[in-house]
Amino acid sequence: MTTVNLTEETFAETINGSPIVLVDFWAAWCGPCRNFAPVYEKASEENADIVFAKVDTEAEQGLAGAFSITSIPTLMAIRDGVVLYSQAGALPQEALANLITAVRDVNMEEVRSAIVADEA
């Protein structure tokens, strides 16, 4: 699967309509972002069950601000609408593969229970 570009208009629909979404916050002028792009694209081709999305922080400053993105690239992993991971920095291929495995392996019932407990 190729990556999809997210905008403020498509973000919620994409997140709510897909069990797992990885979001790469990037900008065209960012060298590390350009270096990470082929790694991200390759992972998207190897994991067709996951939505690999990109947010151009220059064009979508509102989205970048909503998630307090201060450094790019920043990779965010969202499962069932819950942000499980958000970290600045380009990941090497093996680290990205490990992250994908970890996101798949998360027990979401435990996560939801922890969220409810934190809100109480």
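Positions are given from 1 along the sequence.
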Heavy-atom pair of closest approach, residues G62 and E8: CA-OE2, 3.4 Å
Validation row: M108, L84 side chains within 4.5 angstrom (heavy atoms): yes
Heavy-atom pair of closest approach, residues I15 and G81: CG2-CA, 4.0 Å
Ring pair (Phe, Tyr, Trp, His ring centres under 6.0 Å): pairs with one or both residues in residues 2-22, sequence neighbours excluded: F11-F67
Reported CZ-to-CD distance for the pair F52 and E46, which is rounded to 0.5 angstrom: 8.5 Å
Interatomic spacing from CD1 in I72 to CG in L75 - rounded to 0.5 Å: 13.0 Å
Main-chain N/O of A97 paired with T101 side-chain donor or acceptor, under 3.5 Å: yes
Closest non-hydrogen atom pair between R34 and A28, with its separation: NH1-O, 2.8 Å
Residues R112, N107; criterion side chain to side chain donor-acceptor pair (under 3.5 Å); working and verdict: CA-CA 9 Å; R112 284 187 204 93; N107 182 328; over 6 Å; no
Rounded distance [0.5 Å steps], CG in L22 versus CG in L96: 6.5 Å
Smallest separation among heavy atoms of V83 and M76, with atom names: CG1-CG, 3.8 Å
Minimum heavy-atom distance between F36 and A90, given as atom pair plus value: CB-CB, 3.7 Å
ILVMFWY network linking V116 to V106, side-chain heavy atoms under 4.5 angstrom: no
R79 side chain to V103 backbone, donor-acceptor under 3.5 Å: yes
Side-chain heavy atoms of V39 within contact of L91, under 4.5 Å: no
Closest approach of R104 to I50 (non-hydrogen atoms, all atoms of both residues): NH2-CD1, 3.6 Å
Stepwise side chain to side chain contact (heavy atoms under 4.5 Å, CB included) test for I20 and I78: CA-CA 6 Å; I20 300 175; I78 303 167; over 6 Å; no
Euclidean distance, S86 OG relative to F25 CZ, rounded to 0.5 Å: 7.0 Å
Gap separating the CG atom of N5 from the OG1 atom of T3, nearest 0.5 angstrom: 6.0 Å
Contact list for residues 10-28, test side chain to side chain donor-acceptor pair (under 3.5 Å), sequence neighbours left out: T7-T10, D24-K54
Distance (rounded to the nearest 0.5 Å) between I115 CD1 and E110 CD: 12.0 Å
